[in-house]
Amino acid sequence: SDSPRALSGIQPTAGSFHLGNYLGAIRQYVALQETHDAFYMVVDLHAITVPQDPVELRANTRLAAAQLLAAGLDPERCTLFIQSHVPEHAQLGWVMNCMTGFGEASRMTQFKDKSAKQGADRATVGLFTYPILQVADILLYQADAVPVGEDQRQHIELTRDLAERFNTRYGPTFTIPAPHIVREVAKIYDLQDPSAKMSKSAASPKGLVNLLDDPKVSAKKFRSAVTDTDTVIRYDEKEKPGVSNLLTIHSALTGTGIPELEERYEGKGYGALKTDLADIFVEWVTPFHERTREYLGDPETLDSVLAKGAEKARAVAAETLAAAYDRLGL
Ligand code: ADP
Ligand code: NA
């Protein structure tokens with residue numbers, strides 16, 4: 001195909017995706033399948049960088065795939081697969097480990113954050129090198145665009161550096177990818193702590209909106225979101241991070257511009273915005289639940305989508321790996 005390539009991966013570990021994952025990443029996956037030859041994977045090899053229960057991991061991996069389909073990925077328009085079904089990821093991952101400086105890997109801030117949460121002795125070498133596996137994930141598909149949230153920008157920079165290094169040393173082998181980050185939704189914040197990004201490892205579960213939670217529970221989280229002591233509804237990331245985050249989410253879910261929202265809520269209190277947003281979210285998420293249940297309830301279809309996806313992915317990945325091995329003298 002002549003279309004540019006897109007590649008992204010998402011971890012299966014939390015069971016449910018959260019609203020930050022959806023707005024920051026998954027929505028862009030859905031959009032890019034129209035313009036790109038798009039490859040999306042559930043990254044179970046990344047999941048095992050921290051301890052996993054095998055039964056739970058397998059179930060969560062399927063659940064992640066079902067949610068991606070429910071969110072709008074169409075197997076006719078993109079290639080959806082499970083990372084461990086394509087062995088070339090681990091193989092090129094090793095090659096990329098051998099291309100990366102130890103100091104260079106040590107500068108990855110996501111590792112610092114994640115290992116701090118694990119405790120220094122518990123953090124594995126796999127967690128340390130996971131950004132390098134991510135480099136291989138991207139380069140295997142000769143991806144032009146990598147849809148991600150802001151927190152992943154540094155890893156795409158590393159990918160570009162390593163691709164250039166390899167190409168310079170061994171001859172042109174890899175496409176240099178660029179991050180595809182949609183600024184407006186690149187960082188969705190925690191509803192209780194609008195200085196922190198919404199994350200599955202949130203300090204308080206009240207700040208984290210999981211897509212598969214009971215919609216009533218999520219609605220309550222929106223209604224009790226932390227704002228500020230002022231009353232004016234205005235987008236101002238510095239002075240009003242809580243309100244700005246709610247406006248961002250509202251705008252993303254309804255397609256209404258932020259200036260229009262500011263006008264609509266002029267003279268109204270924060271309560272009106274929060275209640276409306278709770279309703280908007282519930283209306284959006286209810287059919288998402290239904291579609292997720294449908295995909296989970298039809299394991300044969302899900303298996304077949306993932307098997308076909310792995311086959312298509314493998315054809316591309318194997319060609320790239322063979323070229324890289326050849327260049328290396330392997
Ligand atoms: P988490 O940060 O909760 O561990 P992941 O690391 O699995 O989530 O992220 C999966 C994708 O979702 C990545 O592309 C990441 O950039 C994006 N993402 C995660 N959290 C957010 C957020 N709060 N806002 C925007 N995008 C996010
Ligand atoms: Na496509």
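Counting starts at 1 for both ligands and their atoms, in listed order.
Protein heavy atom at the shortest distance from atom 3 (O) of ligand 1 is H18 NE2, 2.7 Å. From the protein, the heavy atom lying nearest to atom 15 (C) of ligand 1 is D151 OD1, 3.3 Å. Among protein heavy atoms, atom 27 (C) of ligand 1 sits closest to G20 O, 3.4 Å. Given atom 7 (O) of ligand 1, the protein heavy atom at minimum distance is K200 NZ, 3.1 Å. Looking from atom 14 (O) of ligand 1 to the surrounding protein, the closest heavy atom is G149 N, 3.4 Å. The protein atom (non-hydrogen) at minimum distance from atom 25 (C) of ligand 1 is A186 O, 3.2 Å.
If you run side-chain hydrogen bond (donor to acceptor under 3.5 Å, both in side chains) between Y270 and each of T275, T231, D228, T227, only D228 comes through.
The V185 neighbourhood of ligand 1 comprises atoms 25 (C), with distances under 4.0 Å to a heavy atom of that residue. Residue Q152 has at least one heavy-atom neighbour below 4.0 Å for each of these atoms of ligand 1: 16 (O). Close contacts of ligand 1 with G24, meaning ligand atoms under 4.0 Å from a residue heavy atom, involve 25 (C), 26 (N). Taking a cut-off of under 4.0 Å to the non-hydrogen atoms of K197, the atoms of ligand 1 that pass are 2 (O), 23 (N).
Taking 4.0 Å as the cut-off between side-chain N and carboxylate O, R165 and E104 count as a salt-bridged pair. Salt-bridge annotation for R5 and D144: absent, with no side-chain N of the basic residue lying under 4.0 Å from a carboxylate O of the acidic one. Using a cut-off of 4.0 Å between Lys/Arg side-chain N and Asp/Glu carboxylate O, K308 and E311 are scored as not salt-bridged. Salt-bridge check for D44 with R58: failed, with every basic side-chain N at 4.0 Å or more from each acidic carboxylate O.
The parts of M198 lying near ligand 1 are both backbone and side chain, judged by heavy-atom distances below 4.0 Å. Neither the backbone nor the side chain of S8 has any atom closer than 4.0 Å to an atom of ligand 1 (non-hydrogen atoms only). With a 4.0 Å heavy-atom cut-off, ligand 1 is reached by the side chain of A25 but not by its N, CA, C or O. When heavy-atom distances to ligand 1 are checked against a 4.0 Å cut-off, L23 has no atom that comes that close, whether in backbone or side chain.
Checked against the 6.0 Å centroid criterion, the rings of H180 and Y29 do not qualify as a close aromatic pair. Two rings, from Y22 and F281, have their centers 6.0 Å or more apart.
With distances taken over non-hydrogen atoms, the option nearest atom 23 (N) of ligand 1 out of I188, I26, N21, D190 is I188.
Q67 and F288 get closest at one heavy-atom pair: O-CE1, 3.5 Å.
Grouping Ile, Leu, Val, Met, Phe, Trp and Tyr residues whose side-chain heavy atoms lie under 4.5 Å apart, directly or via other members, leaves V226 alone, with no other cluster members. Grouping Ile, Leu, Val, Met, Phe, Trp and Tyr by side-chain contacts under 4.5 Å, direct or through others, leaves V282 on its own.
For Q110, the closest heavy-atom approach to ligand 1 does not fall below 4.0 Å.
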